[in-house]
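In what follows, a single structure is set out as structure tokens and then discussed.
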Amino acid sequence: LGEESEERDDHLLPM
Amino acid sequence: MEPESLESRINRATNPLNKELDWDSIDAFCEQLNKELEGPPLATRLLAHKIQSPQEWEATQALTVLETCMKNCGKRFHDEVGKFRFLNELIKVVSPKYLGTRTPDKVKDKILELLYSWTLGLPQEVKIAEAYQMLKKQGIVKIDPKLPDDSPFLAPPTRPKNG
């Protein structure tokens with residue numbers, strides 16, 4: 001579960 | 001001997017007073033991050049901070065550490081570098097919207113070269129390719145960098161022979 005939520009929180013920088 | 005922290009090792013490996021690359025410290029940093037449970041996430045945080053240094057030599061040494069770790073460390077480190085959390089820190093250094101206008105060209109070129117070489121050498125790390133494509137779309141990468149003649153990813157950086 002921890003890994004899944006980390007994945008959801010990992011976003012490319014807005015440009 | 002007291003075990004040294006990753007932080008003191010990165011400080012030594014990227015010390016702006018180093019006259020040349022300190023391969024012993026670079027290798028020691030790579031070895032140590034593999035041993036520690038939280039080594040890869042801590043190492044990428046420390047590296048990002050050094051790579052963003054306004055001092056070109058400090059940033060250049062940090063990029064050499066990163067390059068060496070990508071070659072010598074295993075999947076745990078690759079996975080950490082392959083997260084946007086770390087990739088965003090590299091993007092900030094090359095992007096004119098963030099630190100790019102005050103980053104030396106040599107540092108920016110090296111970052112783009114590394115990113116491109118990883119897209120070829122580690123195609124399973126899809127976020128690296130996504131970040132690289134985004135930089136292309138933004139016009140920050142105009143043409144793919146020319147990589148050194150040796151294998152783009154697997155060959156270790158050229159290092160001087162001792163003695």
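Chain naming here is simple, since letters A, B, ... match the order of the sequence lines and numbering starts at 1 in each. Keep in mind that what you see is a predicted model, and the values were worked out from it rather than measured.
Proximity to chain A is limited to the side chain of B/Lys97, based on heavy atoms less than 4.5 angstrom apart.
Under the 4.5 Å side-chain heavy-atom criterion for Ile, Leu, Val, Met, Phe, Trp and Tyr, B/Leu120 and B/Leu115 are members of the same hydrophobic cluster. Both B/Tyr116 and A/Leu12 belong to a single network of hydrophobic side chains, linked directly or stepwise wherever heavy atoms of I, L, V, M, F, W or Y lie under 4.5 Å apart.
A pairwise comparison of heavy atoms in A/Met15 and B/Tyr98 identifies SD-CE1, 3.9 Å as the closest pair.
Contact annotation for residues 130-141 of chain B against chain A (heavy-atom separation below 4.5 Å, listed by residue number): B/Glu130, B/Ala131, B/Met134, B/Gln138, B/Ile140.
Annotation: B/Glu7, atom CD; neighbour count of heavy atoms from other residues, nucleotides and ligands within 6.0 Å does not exceed 12.
At a threshold of 4.0 Å, the pair B/Lys127-A/Asp10 counts as salt-bridged, since one of the basic side-chain nitrogens sits closer than that to a carboxylate oxygen.
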Apply side chain to side chain contact (heavy atoms under 4.5 Å, CB included) to the pair B/Arg85 and A/Asp9, showing each step before the final yes or no. CA-CA 9 Å; B/Arg85 182 186 301 166; A/Asp9 291 341; over 6 Å; no

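A donor-acceptor pair under 3.5 Å is formed between the side chain of B/Asn88 and the backbone N or O of A/Leu13.
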